[in-house]
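Beneath this line is the structure, given in structure tokens, with notes to follow.
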Amino acid sequence: MGVFTKMKWSFLAVLAAGLVLSPLSTSAQSSHPLSNVQSYKIYYDSPTEAILNKMQAYDAVMIEPVFYTKSQIETIQQSGTLVYGYINTMEADNWNTALISQLEESDFFHRDGERVYYPEWDSYLTDITSEHYQQVLLAEIEKQVADKGLDGVFLDTVGNIDNEHCGSDVLDEQRAGMAVFLQEIRLQHPSLSLIQNWGFGTLSTTTYPYVDGIMWENYNHSSVAKDQWSLDRMQDLKQLRRETGLEILTVSFSQKSKSQALAESHGFIHYHESSHYNAW
């Protein structure tokens, strides 16, 4: 085992013990790149010239960067729009053959000796403690986000850590692995802004020093307005925002007016999607 690997896994042990490094906390909290964002949109399909121009009307957009050139990113950014590139952190998608072909069997999370498969998304649960897997993702960020001049990374499926491992003996390990991964992004690309999707428990215990925002998908009024778990999470997030400057982004798929009003009453940045992310 090399010195770098030993250092990383020593860091994992520290995090698993419940400690968080502070220097990177300052890095994530000092700039607040989302503080002026009031509107955003998610779009994961290939762009047209008209769509590129329409994106400039938003303060931020989340895109699938494999479909974009550096020149197209510059077009979106002309009016100050922040561009975040989608990276699937805890799943490997079969459609993304260029990435999944690089993975080793140890990069997948195995339960009872088998990969965990999500038929709805045609993807597999990954193991973020795998150093090889982290390096594959870091190379993807370098190629698709940093080299193309995007402003940040949208880290999808972080919530899988809580959903899949809550109550198990690997929860702390997966959270610590995610922290190592985020630390590496910060070290290699200190100017990139980071937003994670879901994973509220992982955020509060582990990842908050490294990210600038968290997204709450399915923030539908009927689901969250009177649900005690959701109400508790809203209070937790607002407290974390007061302490760190973290921004909270919400997405609704139903009850547009009510969902938006609820989000705005808490100071959250809201976006309503009436169809799906591949439709403009």
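- The salt bridge (charged side-chain N to carboxylate O under 4.0 Å, His left out) test applied to D122 returns no partner, not counting sequence neighbours.
- No close placement of the W121 and Y118 rings is indicated, their centers lying 6.0 Å or farther apart.
- Applying the side chain to side chain contact (heavy atoms under 4.5 Å, CB included) rule to D227 yields the partners W229, S230; only residues at least two apart in sequence or on another chain are considered.
- Scored by the salt bridge (charged side-chain N to carboxylate O under 4.0 Å, His left out) test, K226 finds no partners at all (sequence neighbours excluded).
- Inter-residue side-chain proximity for D151 and S193 is flagged as unmet; no heavy-atom pair is nearer than 4.5 Å.
- Annotation: Y40 is in aromatic contact with Y271 [ring centroid separation under 6.0 Å].
- Residue pairs meeting the salt bridge (charged side-chain N to carboxylate O under 4.0 Å, His left out) criterion with at least one partner in residues 154-166, sequence neighbours excluded, are R111-E164, D162-R175.
- Note on residues 70-94: pairs passing ring-ring contact (aromatic ring centres under 6.0 Å, His included), not counting sequence neighbours, are Y44-Y86.
- Listed by first and then second residue, the ring-ring contact (aromatic ring centres under 6.0 Å, His included) pairs that reach into residues 151-179 are F109-H165, sequence neighbours excluded.
- Across H270, Q260, E217, a single residue satisfies side chain to side chain donor-acceptor pair (under 3.5 Å) together with S252, and that is H270.
- D107 pairs by the salt bridge (charged side-chain N to carboxylate O under 4.0 Å, His left out) definition with nothing, not counting sequence neighbours.
- The aromatic rings of Y58 and W280 stand perpendicular to each other, their planes meeting at an angle above 60°, with 30° marking the opposite boundary.
- Shown here are the salt bridge (charged side-chain N to carboxylate O under 4.0 Å, His left out) partners of E74, two or more places apart in sequence or in another chain: K70.
- Listed by chain and residue number, nothing satisfies the ring pair (Phe, Tyr, Trp, His ring centres under 6.0 Å) test with H132 (two or more places apart in sequence, or in another chain).
- Residues passing the side-chain hydrogen bond (donor to acceptor under 3.5 Å, both in side chains) test with H189 are E142, sequence neighbours excluded.
- Annotation: F268 is in aromatic contact with H266 [ring centroid separation under 6.0 Å].
- Annotation: side-chain hydrogen bond (donor to acceptor under 3.5 Å, both in side chains) contacts of D232 (sequence neighbours excluded): Q228.
- Not counting sequence neighbours, the partners of Q255 by the side-chain hydrogen bond (donor to acceptor under 3.5 Å, both in side chains) test are S222.
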